[in-house]
Protein chains: 2
Amino acid sequence: MSVVENRSDLPVLPAGEPGPPERGDAARNRALLLDAARRLVDERGADSVTTDDIAAAAGVGKGTLFRRFGSRAGLMIVLLDEDEKIQQQAILFGPPPLGPGAPPLQRLLAYGRERLKFVDTHRALLSDVGRDPQMRYNAPMMLHHSHIRLLLDAAGTTGDLDTQATALLSLLDADYVHHQLTDLGRTLQELGDAWETVARKLCGS
Amino acid sequence: MSVVENRSDLPVLPAGEPGPPERGDAARNRALLLDAARRLVDERGADSVTTDDIAAAAGVGKGTLFRRFGSRAGLMIVLLDEDEKIQQQAILFGPPPLGPGAPPLQRLLAYGRERLKFVDTHRALLSDVGRDPQMRYNAPMMLHHSHIRLLLDAAGTTGDLDTQATALLSLLDADYVHHQLTDLGRTLQELGDAWETVARKLCGS
């Protein structure tokens, strides 16, 4: 059994080999632990949540957490992975303006604000991932780049689209967003407005 | 004596406490080692230069290198620091279009191309520095942010200038530039052109 289980067709974070099928208690405990972890992270932020907290909130033993996820980091990666997939679904198939159906620039602006909220919530783990230069340019992270690039293109943006997508993506970097919010006292609203300014200029709107 | 000596009035990288004055042989050996290291790094790239190479090229013993700089990393930090100061002088006081005297947009475009060359040459050490989130937002790194922001402002750029400076600065990130040049086969000319596109759009020109 691998430390991190990943059975989706759309891997978002590299999550090891899929393990054998889980049944009964194992699958239920896994779901209980993930639900508890998500709830606690939402309430307190990832940095303040321990494996003891998660096991207690899930009503299972701490040994079960380690059997299911290998480590606290293993559980957090699965959590991030699942949340990335939920956001991806919303981006690709959800209602406009984030999903299809709105004009490209409107989708781009909605994406920026949604992603800012996401990186704020998932800052600690995204920051770990972003610090590894190999991880920064891997396939999962490039999905966000591709989405921005596609919308820039659809909005009729001139010039080198990859570079402009990189510039926009840099403003959604977990460390940058954290620095702006925590050290400089800016708000997600302000960062979203600033993202909109840059996006509009690049699109020429 | 601190590992890293730094006696300029314009510290560019945090380089520890200044050591006591050097005299005679010590100062000459220091200069010989820095000159040799700079020459070898220019010829081969930082990753291919060893302390043995540097000591041999400087005509001094390897023990002298370690007495002067503490470690290979210590020498490389001093080298980066000195080169950052040389570039800073050119930006602040050198001839246009990089230095004062050219219109702000022209200075901004010249800065982008010069800085791309610099980060390409100094990639290995800048990459180390950039991986530490504390270092990414420290005073030295923010000098580049301030310079870009100042030129955006002087060029009459609308909207949140800090955010737009961050977006431009992200395209000068050492890991990003290295990835573009090495993995994607792009050229400094292409990256400079792409930087110009983004800079012009943000300035509204």
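Numbered from 1 within each chain, the chains take letters A, B, ... in sequence-line order. Only this structure's heavy atoms are used, side chains among them; waters, hydrogens and symmetry mates stay out.
Ion pairing of A/R186 with B/D160 is present here, as a side-chain N (NZ or NE/NH1/NH2) and a carboxylate O approach within less than 4.0 Å.
Here the shortest heavy-atom pairing between A/S170 and B/A167 reads OG-CA, 3.8 Å.
Between chain A and the residues B/T166, B/L168, B/D193, B/L169, the most heavy-atom pairs under 4.5 angstrom are made by B/T166.
Side-chain atoms of A/K201 never come within 3.5 Å of backbone atoms of B/K201 as a donor-acceptor pair (strictly under, hydrogens ignored).
Only the side chain of B/T197 comes within less than 4.5 Å of a heavy atom of chain A; its backbone N, CA, C and O stay farther away. For B/L171, the part lying under 4.5 angstrom from a heavy atom of chain A is the side chain only.
For the pair A/V198/B/T163, a side-chain contact is recorded, criterion being any heavy-atom separation below 4.5 Å from C-beta on.
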